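Sequential numbering from 1 along the given sequence is applied to the chain's residues. Because the structure is a prediction, the values reported are computed rather than measured.
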Amino acid sequence: MESLARGGTRWKRFAVVMVPSVAATAAIGVAIAQGALAASFSVSGQQFKVTAKTLDGDGFVQYGALDKGKNGQHPVAVVGMNSAEITNLCQSVVVPVPVFGDVTMQLKAGGGKDKVLAKKLYIDADDLQTNATFTNVDIGVSVDDTGAGGKTPGPAKPGEGGRGAYLPGSFAQQADKVHFEDVKQRAWATTAGTFKLSGLHMNVSRGKNECY
């Protein structure tokens, strides 16, 4: 298949690539129920939305996992990168406040000449829309074989930005580089070794004022 060939590979909707990993979380759920795995990170009961004009990453890995929260377990596609540069980043979360109503916390950065910079970045998302270009992509590798030689960060580990339980030997994909354009994402968690937010502006407003 052409999509498995090495080199630059392009998809109109990256969500299509996420499907196999998210579907694989059914097996992870069984393993957790049987006590074979333990979710190591408790997420909040609220998702947040993120947009970006561009994201350029070195050392890309993606695999399926389950995030554990007070409201149950959430299947996610975890995206990891050794490093990333992001332009026009927007992140928003709506918090329902009793009596007062909805309050939106919105953060923006990287809108000027300086980009948002991140290292050892992991994103737990259940919905992602973007135009994507991958360089030297491997699709269908075992999650245990990612991260060899530092090519990618590999699966997140407890104490190193990890939170979701993944099934050993399950589906994963990796690439030397990735370029995303016009990113729209809904996520449960984001962690990074370092996160430099140039031109940071945080705003709190009444009502629903999300990034998209």
Side-chain angles (χ1 to χ4, degrees), residues 1-28 31 37 40-41 50 52 54-67 75-86 116-195:
M1 294 175 60
E2 183 179 352
S3 61
L4 298 181
R6 283 196 171 267
T9 304
R10 193 172 188 85
W11 289 272
K12 283 293 184 181
R13 294 295 183 188
F14 181 66
V16 174
V17 185
M18 293 174 60
V19 171
S21 285
V22 176
T25 57
I28 301 173
L37 296 172
S40 59
F41 188 102
V50 179
T54 63
L55 184 154
D56 289 283
D58 286 327
F60 167 90
V61 64
Q62 183 255 317
Y63 57 94
L66 280 179
D67 282 358
V76 295
V78 179
V79 172
M81 301 177 198
N82 278 329
S83 63
E85 295 184 353
I86 307 167
V116 172
L117 303 177
K119 292 184 178 180
K120 298 298 181 183
L121 176 67
Y122 288 95
I123 305 167
D124 292 20
D126 65 5
D127 187 74
L128 175 60
Q129 301 177 54
T130 186
N131 296 317
T133 302
F134 298 87
T135 302
N136 293 333
V137 62
D138 299 319
I139 301 175
V141 301
S142 168
V143 65
D144 304 303
D145 293 333
T146 62
K151 176 179 177 178
T152 78
K157 299 176 177 61
E160 298 180 356
R163 85 289 298 178
Y166 65 90
L167 188 66
S170 60
F171 174 97
Q173 58 186 20
Q174 60 184 0
D176 288 347
K177 295 180 180 294
V178 66
H179 175 72
F180 292 164
E181 294 181 358
D182 300 322
V183 181
K184 292 182 179 180
Q185 173 184 270
R186 186 179 64 208
W188 286 100
T190 297
T191 58
T194 60
F195 211 2

Worksheet entry | D144/Y166 under side chain to side chain contact (heavy atoms under 4.5 Å, CB included): CA gap, chis, key distance, verdict | CA-CA 10 Å; D144 304 303; Y166 65 90; 4.2 Å; yes

Item to complete: Could you tell me which residues satisfy side chain to side chain contact (heavy atoms under 4.5 Å, CB included) with D145, sequence neighbours excluded, listed by chain and number?
Response: S142

Item to complete: Applying side chain to side chain donor-acceptor pair (under 3.5 Å), name anything that partners K177, two or more places apart in sequence or on another chain.
Response: D58

Worksheet item: Minimum heavy-atom separation for A175 to F134, with atom names?
Response: CB-CD2, 4.1 Å

Discussion item. Can a donor-acceptor pair be found, under 3.5 Å and without considering hydrogens, that links the side chain of T194 to the backbone of A118?
Written reply: no

Fill in: Distance (rounded to the nearest 0.5 Å) between T191 OG1 and L121 CG
7.0 Å

Item to complete: Please name the pair of heavy atoms, one in A77 and one in Q62, separated by the smallest distance, quoted to 0.1 Å.
Response: CB-NE2, 3.7 Å

Item to complete: Evaluate the side-chain proximity of T135 to F60: yes if any heavy-atom separation is below 4.5 Å, no if none is.
Response: no

Practice prompt. Might you point out which heavy atoms bring Y122 and G80 nearest each other, and give the distance in Å?
Written response: CD2-CA, 3.8 Å

Practice prompt. From the options V141, D138, T146, I139, select the one residue that forms a side-chain contact (heavy atoms from CB on, under 4.5 Å) with Q173.
Written response: I139

Fill in: Sole residue of L128, V50, N131 in side-chain contact (heavy atoms from CB on, under 4.5 Å) with V183
L128

Practice prompt. Go through the side-chain N and O atoms of K120 and N82 and say whether any donor and acceptor fall under 3.5 Å apart.
Written response: yes

